[in-house]
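Each chain gets a letter, A, B and so on, in the order its sequence line appears, and its residues count up from 1.
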Amino acid sequence: MLSVQNISKSFTIHHLKQTRTAIGGVSLHVDKGGFLGIVGKSGSGKSTILKSIYGTYKPDAGAIMYDSQEHGTVNILDISDYDLIRLRRTEIGYVSQFLKVMPRTTSLELVTQSLLEMGEPQEIALDKAKDALRHYDIPESLWNNYPNTFSGGEKLRLNIARATVKAPRLLLLDEPTASLDYDSKLKVREAISKLKANGTTLIGIFHDLDFMEGLCDHVYDMNEKAQQVI
Amino acid sequence: MSTHDNIALSVRGAGKFYGDRCNYCRNENNPLNNNICPYCRTVFAVDDVSFDLYKGEILGIVGESGSGKSTLMKMLYFDQERSAGEYYITGYAEGVPNVFTLSSQHRREIQNEILGMVYQNPVYGLKMDFSSMSNIAEKLIAAGSRNVGEMTAAGDHFLDKVNIPLDRKFEPPENFSGGMQQRVQIAKALSNYPPILLLDEVTTGLDVSVQADVLELIKEIQRELGISMIVVSHDLAIIRMLCDRTMVMLNGSVAEAGITDQILEDPKHHYTQQLVYSIL
Ligand SMILES: Nc1ncnc2c1ncn2[C@@H]1O[C@H](COP(=O)(O)OP(=O)(O)OP(=O)(O)O)[C@@H](O)[C@H]1O
Ligand SMILES: Nc1ncnc2c1ncn2[C@@H]1O[C@H](COP(=O)(O)OP(=O)(O)O)[C@@H](O)[C@H]1O
Ligand SMILES: [Mg+2]
Ligand SMILES: [Mg+2]
Ligand SMILES: [Zn+2]
């Protein structure tokens, strides 16, 4: 499904006359329906890998081959902006470490929009969005409120709801459970388990990968630069 | 795949020069003093700009003051003659002719039927002493409408859409606040359902809550009407919120372009980094 081949990424900060290497020579792969965890210490380049797969960062070298439903096998580093935007709308989801909310967009609108973007009809999108908000215990009283007034945990759960509701083919998770309480974490685990059962391929960064035991089938260790079955 | 089918307009090598250019600055390899020729003082307000606008997308343009953003927008709306380059609009004559070179009559046709423009200063987009309704009617008449009932209905529809109380529709915009004037301008620009809308710094100078209203309106229009838009702003927060892709201009040229999160999270050009890291 996804094969990351020997990617490297460095950042040049002009005003500091500085070049930082974030990752060098990373290779990993995930089969369709698989779940790969990435572990490594802070600053080791985990998020850089996910952002490269999502197309936010452009690696300096290597290739990222993705088996797209719509386009066949493509190198994410080579496709046009247009195709990448489409892939993100319909096939590849991303949950970031931080929630980016739209001002003046209610939580219900936010989740509904992500479904409309992929072409779901209005009514179905609305129903699915409500189900997702219910699943993540976002109380109905908050559905018509703006998320910038939400607590950290509510924001994060909303973020996850927005990405998982689309049941993307490939879902990238950057520490989605980091600041959640135990019950919320369980909800995330349950949602991931459901997605996995429905065939979604997952790559995730988790501080406590143990929590994904039984779901996660491979792990990539930044330190060893190697992938193992677990 | 990106093909003709999903492109609303294409610009290739667009240039706007103020001055006669000399032998030195005709050679594009010779460096300029920012955007000015050190010998003949020709200003290269827009210099070799190329890009595509996809159907239904919002394309952002950012850049410091004087980088050529407004000049480019005015060229696209035919407010200003171009000095160089090509411009194709898919919705006009199958996208075949370079519309920069059309007669003024054909350009007016495009202005009336395909493009909408919202200026930074409402004075350019509105007749301040005509009623809001008449402003909209004027645009519709230019677009060929003759039926008063239809025009009134369209006026009501769009003024309501931009939240102008309908009991004030016969008041002239000069009686309105800046945010209301901007919303009337947007209603006017939308009234003939143009497939392409150009917006130049439309929220600059408005207070924050009014700004949010206008931005919300823009997003809603894009979602509901599927209009392709170019949004010029110097505010990266606005670009982040609205735009699928972003083009960064510097001294009349494109410094960098890409999907918005690529530009904001991994800026490569020196200038974009200054902008994003706010060290200007
Ligand atoms: N956009 C960027 N610009 C400059 N340097 C960056 C950028 N993104 C990452 N880096 C650098 O690349 C390295 C890897 O960062 P990355 O965010 O991938 O680490 P991480 O493993 O996710 O860390 P954490 O666990 O703290 O989130 C760091 O040195 C970081 O400073
Ligand atoms: N009518 C003009 N005559 C001469 N120079 C002009 C004229 N209009 C714009 N310029 C110059 O062109 C450059 C770009 O201006 P403009 O497009 O207004 O910038 P922005 O909108 O990005 O602030 C500036 O150097 C400006 O001084
Ligand atoms: Mg990280
Ligand atoms: Mg300007
Ligand atoms: Zn010269």
Under 3.5 Å donor-acceptor, A:His15 side chain and B:His270 backbone: no
Side-chain donor or acceptor of B:Glu265 paired with backbone N/O of A:Thr56 under 3.5 Å: no
Backbone N/O of A:Gly55 and side chain of B:Gln262: donor-acceptor pair under 3.5 Å: yes
Residue pair A:Arg86, B:Asn6: steps toward the side-chain contact (heavy atoms from CB on, under 4.5 Å) verdict: CA-CA 12 Å; A:Arg86 272 193 68 84; B:Asn6 43 45; over 6 Å; no
Enclosure of A:Gln18 CD (heavy-atom neighbours >12, cutoff 6.0 Å): yes
NZ-NZ distance between A:Lys58 and B:Lys268, expressed to the nearest 0.5 angstrom: 8.0 Å
Side-chain heavy atoms of B:Tyr54 within contact of A:Asp81, under 4.5 Å: yes
B:Lys219 vs A:Thr105, side-chain contact (heavy atoms from CB on, under 4.5 Å): CA-CA, chis, key distance, verdict: CA-CA 10 Å; B:Lys219 194 77 197 169; A:Thr105 304; over 6 Å; no
Gap separating the CG atom of B:Asp261 from the OH atom of A:Tyr54, nearest 0.5 angstrom: 7.0 Å
Check: B:Gln274 side chain, A:His14 main-chain N or O, donor-acceptor pair, under 3.5 Å: no
Electrostatic pair A:Lys9:B:Asp266 at N-O distance under 4.0 angstrom: yes
side-chain contact (heavy atoms from CB on, under 4.5 Å) between B:Tyr277 and A:Ile13, intermediate numbers included: CA-CA 10 Å; B:Tyr277 305 146; A:Ile13 314 289; 4.1 Å; yes
Interatomic distance, A:Ile85 atom CD1 to B:Glu57 atom CD [nearest 0.5 angstrom]: 6.0 Å
